[in-house]
Amino acid sequence: MSSYPKKFMRLSELTEMGLPEEWLRFIYRSRSINRDYSIAWKMDYSKRNSPIIFDTDELEKYRKAQCTGV
């Protein structure tokens, strides 16, 4: 079970939970991370200020992989 309240969360919601905004933006911008995990994307790519959405299950898998190296 995930420690996140929702399956999909906005960047702002995750930063309110205490996750570093710089780290989350790095994950969003990284093609290789999103190729392997499909963690983050814009809600509407046609809008410049569209919210960034995170799949919290995939985010947790990536976070754990960084801790264990698997």
Note to self: To check you understand the geometry: which heavy-atom pair defines the closest contact between Phe8 and Thr56, and what is its length?
What the structure shows: N-OG1, 4.5 Å
Next item on the list: Could you check if a side-chain atom of Arg63 sits within less than 4.5 angstrom of a side-chain atom of Glu60, using non-hydrogen atoms only?
Entry: yes
Checklist line | Residue pair Tyr4, Leu19: steps toward the side-chain contact (heavy atoms from CB on, under 4.5 Å) verdict | finding: CA-CA 11 Å; Tyr4 303 95; Leu19 293 171; 4.1 Å; yes
Margin query: Check this for me: does any side-chain nitrogen of one of Glu22 and Arg25 sit under 4.0 Å from a carboxylate oxygen of the other?
Written below: no
Notebook entry, point to check: Can you tell if the side chain of Ile33 reaches within under 4.5 Å of the side chain of Phe26, non-hydrogen atoms only?
Noted result: yes
Next item on the list: Hey, could you give me the OH/OG distance between Tyr37 and Ser32, rounded to the nearest 0.5 Å?
Entry: 10.0 Å
Note to self: I'd like to check Ile39 versus Asp55 (side-chain heavy atoms, cut-off strictly below 4.5 Å). Are they in contact?
What the structure shows: no
Item checked: Arg10 vs Glu13, salt bridge (charged side-chain N to carboxylate O under 4.0 Å, His left out): CA-CA, chis, key distance, verdict -> CA-CA 5 Å; Arg10 292 177 179 221; Glu13 294 173 312; 5.4 Å; no
Checklist line | Leu59 side chain near Leu24 side chain, heavy-atom distance below 4.5 Å | finding: yes
Next item on the list: Kindly indicate whether the side chain of Ile52, heavy atoms from C-beta on, has any atom under 4.5 Å from the side chain of Trp41.
Entry: no
Item checked: Any donor-acceptor pair under 3.5 Å from Ser30 side chain to Ile27 backbone -> no
Item checked: Closest non-hydrogen atom pair, Asn34 against Tyr28 -> ND2-O, 3.3 Å
Checklist line | Side-chain heavy-atom pair Leu11, Ile53 within 4.5 angstrom cut-off | finding: no
Checklist line | pair Met17-Met9: side-chain heavy atoms closer than 4.5 Å | finding: yes
Check: Is the Tyr62 ring parallel, tilted or perpendicular to the Trp23 ring (thresholds 30°, 60°)?
Finding: parallel
